[in-house]
Amino acid sequence: SRARYYQDAAIRAAFEKIILERQADRAPRVLLTLATGAGKTIMAGLLIRELIMRSDAQRILVVSPDSLSGQWQDELRDKFGLEFTLFSRE
């Protein structure tokens, strides 16, 4: 998947934050929040895949509305080869 210009900018900003946090010897955390239809799943997948390739991800938590959890899980698996376990209140 190819990122759109605003997705690319968000990913770059996230990596800049990660670098600054690492330099300050803190565990980096990233929160992606954008409007509906902005491509958060694509941005998250690209970011997660890059973090894994760099060995910078110890833990990853994806939070989504219950109605979208299965869709997120499917898209991250199908588009990026990322496997996640779903947790819910039930």
* Structure fact -> On a heavy-atom basis, the closest approach of Val62 and Trp72 is CG1-CE3, 3.5 Å

* **Rounded distance (nearest 0.5 Å) linking atom CG of Leu47 with atom CZ of Arg12** => 13.0 Å

* In Å and rounded to the nearest 0.5 Å, what is the CG to CD distance from Leu76 to Gln71? -> 10.0 Å

* Please round to the nearest 0.5 Å and tell me the distance separating atom CZ of Phe84 and atom CZ of Arg77. => 12.0 Å

* Asked: Hey, quick one: are Leu46 and Ile52 part of the same hydrophobic cluster, counting side-chain heavy atoms closer than 4.5 Å, chains of contacts allowed?
  -> yes

* Structure fact -> To the nearest 0.5 Å, atom CD1 of Ile18 lies from atom CD of Glu50 at 9.5 Å

* To do: Report whether Ile19 and Leu51 are members of the same hydrophobic cluster (ILVMFWY, side-chain heavy atoms less than 4.5 Å apart, transitive linking).
  => no

* Nearest-0.5 Å distance, CD1 of residue Ile48 to CG of residue Leu82 -> 6.0 Å

* To do: Give every residue pair that meets the side chain to side chain donor-acceptor pair (under 3.5 Å) criterion with at least one member in residues 19-28, sequence neighbours excluded.
  => Glu21-Arg26

